[in-house]
Amino acid sequence: MLPVIYSDEFLEHKTGYLHPEKPERLSAITTALKAAVFASEIEWRSPTPVDKRLLMPLLLEVHSQNYIQKVQEIASSGGGFLDTDTAVSPRSYDVALLAVSAWLDGVDIVLETGNPAFVMARPPGHHAEKDYGMGFCLFANAAIAALHALTQPGINRVAILDWDVHHGNGTQAIVETNSQIAYCSMHQYPCYPGTGKVSERGFHNNVLNLPIPPGSDIGIYQPVFEKKVIPFFADFQPDLLIVSAGYDANAADPLAMINLQPQDYGLFTDYCLGITRKILFGLEGGYDLEALSRSVMATIERCLV
């Protein structure tokens, strides 16, 4: 069985007409998973309600109080935008907190079972910086989850692999000073947000950025995984691997120019399982609904083998 943490409340983060990061992303994945041949092997779990978990101390380790209050105030005043791309609707603050809780639940489940789990939440998080949200992201889910994991018994090193097509500038900025966290990003370059150069190595040589040129396909990604990603994490020896699982490097995706196919994410998942079975996959980007759904299915199917 593979736990999938999900709530219909994640659909209540409204981004507006024609916005690519829309509720239908989760609806499409849910429909596909419930129709999959392996549907009976998925264990659907609801995230811990926000009022049942002490979130704010962890949130304040990552984001400033002023920023958190800003998101809350925009939501409570009827909604608005953090930047031209990043919407806040009346329910967005509460939903973003629930997304954080879901990622924390995912960590707890993985550490309890020793096997993978998948967090299917939104809004995404890897672009969110300490003092501002951007790139559709409100709170830094993966970074917060990593810090939470480090508070658990026996967890001394946490790795984050970001295979979203865009560099996770927020995650990197938050974790690069922490010697107990290693961050690796495979991303199209040049592309939004313009960060993620090879020269960015972190304060403890704990950051590995792997820029991928536009037009690349699995023939480019596979040797990068084998010669760069796997050795980086093998040297680090993580007690837990968190994957910022964005699926926008698909050829069908409208927001980038990488030519992966949905089944390629099954290969990515195999590589990750070769590092450790203690993996939390958390949804980031992916904006073509069919390619997104098929890619998530490829990830989950490989975890069930």
Side-chain angles (χ1 to χ4, degrees), residues 1-49 87 89 91-92 94-96 98-103 105-106 109-110 115-126 136-138 141-142 163-165 243-256 258 260-270 272 279-305:
M1 299 290 287
L2 184 104
V4 173
I5 302 101
Y6 171 75
S7 168
D8 284 342
E9 285 193 62
F10 296 136
L11 307 178
E12 295 302 313
H13 169 56
K14 306 292 188 181
T15 50
Y17 182 63
L18 294 181
H19 196 288
E21 204 294 284
K22 55 193 176 183
E24 288 83 357
R25 297 175 65 232
L26 298 193
S27 302
I29 300 169
T30 302
T31 299
L33 290 179
K34 289 183 175 180
V37 294
F38 51 80
S40 63
E41 298 179 74
I42 293 175
E43 180 185 357
W44 294 91
R45 297 204 188 187
S46 298
T48 300
S89 65
R91 292 279 339 269
S92 292
D94 294 334
V95 173
L98 189 64
V100 172
S101 185
W103 281 68
D105 286 333
I109 291 166
V110 172
N115 286 305
F118 196 103
V119 178
M120 201 169 77
R122 54 185 290 277
H126 72 151
F136 314 159
C137 299
L138 299 189
N141 303 317
W163 71 38
D164 191 279
V165 80
V243 178
S244 273
Y247 296 96
D248 39 9
N250 270 302
D253 201 275
L255 297 192
I258 298 293
L260 293 180
Q261 301 299 319
Q263 64 268 23
D264 296 333
Y265 290 98
L267 178 61
F268 288 4
T269 304
D270 284 339
C272 291
I279 308 174
L280 174 63
F281 296 91
L283 185 66
E284 297 281 5
Y287 307 103
D288 179 88
L289 299 185
E290 182 180 357
L292 170 62
S293 302
R294 290 173 57 205
S295 299
V296 172
M297 289 176 65
T299 294
I300 290 177
E301 187 170 27
R302 297 313 300 167
C303 291
L304 293 169
V305 173

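Computed from a predicted structure; not experimentally measured.
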| query | Looking only at heavy atoms, what is the nearest atom pair of D105 and S46, with distance? | reply | OD2-O, 4.3 Å
| said: Check whether N250 reaches the backbone of D253 with its side chain - one donor and one acceptor, N or O, closer than 3.5 Å. | reply: no
| request: Give a yes or no answer on whether the side chain of S92 reaches the backbone of S89 with a donor-acceptor pair at less than 3.5 Å. | output: yes
| Contact summary for G106 and A117, nearest pair of heavy atoms | O-CB, 4.4 Å
| said: Return the OH to CG distance between Y247 and L292, rounded to the nearest 0.5 Å. | reply: 8.0 Å
| field | Any side-chain donor near an acceptor of the partner, S27 and T30, under 3.5 Å | value | no
| field | Approximate separation, where rounding is to 0.5 Å, of D288 CG and R25 CZ | value | 11.0 Å
| query | After noting the C-alpha distance and the side-chain angles of K14 and K22, does the key distance pass the side-chain contact (heavy atoms from CB on, under 4.5 Å) rule? | reply | CA-CA 7 Å; K14 306 292 188 181; K22 55 193 176 183; over 6 Å; no
| request: Check the pair Y265, F281 against ring pair (Phe, Tyr, Trp, His ring centres under 6.0 Å), reporting the backbone distance first and the verdict last. | output: CA-CA 12 Å; Y265 290 98; F281 296 91; over 10 Å; no
| S295 side, atom OG; E290 side, atom CD - distance, nearest 0.5 Å | 10.0 Å
| Is it true that a side-chain atom of D164 and a backbone atom of G285 form a donor plus acceptor pair closer than 3.5 Å? | yes
| query | Below 4.5 Å, heavy atoms only, C-beta onward: do I279 and V110 meet side chain to side chain? | reply | no
| message | Determine whether W163 and T269 satisfy the following criterion, side-chain contact (heavy atoms from CB on, under 4.5 Å), listing intermediate values before the conclusion. | response | CA-CA 11 Å; W163 71 38; T269 304; 3.9 Å; yes
| query | Is any side-chain heavy atom of L2 less than 4.5 Å from a side-chain heavy atom of P116? | reply | yes
| field | Separation of S40 OG from M1 CE (nearest 0.5 Å) | value | 7.0 Å
| query | Hey, does the side chain of E284 reach the backbone of H126 with a donor-acceptor pair shorter than 3.5 angstrom? | reply | yes
| Backbone N/O of Q261 and side chain of D264: donor-acceptor pair under 3.5 Å | yes
| message | Within the 4.5 Å heavy-atom criterion, are L26 and M120 side-chain neighbours or not? | response | yes
| remark: Correct closest heavy-atom pair for A291 and P262 would be O-CG, 4.0 Å
| message | With rounding to the nearest 0.5 angstrom, report the CZ to OG distance, R45 to S7. | response | 15.0 Å
| request: Please step through side-chain contact (heavy atoms from CB on, under 4.5 Å) for the pair F118 and I42, ending with a clear verdict. | output: CA-CA 10 Å; F118 196 103; I42 293 175; over 6 Å; no
| field | Distance in Å, I109 CD1 paired with I5 CD1, rounded so as to fall on 0.5 Å steps | value | 4.0 Å
| remark: A99 and P123 have their tightest heavy-atom pair at CB-O, 4.3 Å
| query | Ignoring hydrogens and geometry, is there a side-chain-to-backbone donor-acceptor pair from T15 to E21 under 3.5 Å? | reply | yes
| Is it true that a side-chain atom of R302 and a backbone atom of L267 form a donor plus acceptor pair closer than 3.5 Å? | no
| Heavy-atom side-chain contact between C272 and V243 under 4.5 Å | yes
| query | Short question: side chain of D248, backbone of V165 - any donor-acceptor pair under 3.5 Å? | reply | yes
| remark: What one should report as the nearest heavy-atom pair of L138 and A96 is CD1-CB, 3.9 Å
| task | Please tell me if the side chains of F136 and L255 come closer than 4.5 Å, counting only heavy atoms from C-beta onward. | result | yes
| CA sep, side-chain torsions, deciding dist, call: V119, Y6, side-chain contact (heavy atoms from CB on, under 4.5 Å) | CA-CA 7 Å; V119 178; Y6 171 75; over 6 Å; no
| request: Return the minimal non-hydrogen interatomic distance between F10 and A102, and the atom names on each side. | output: CZ-CB, 3.9 Å
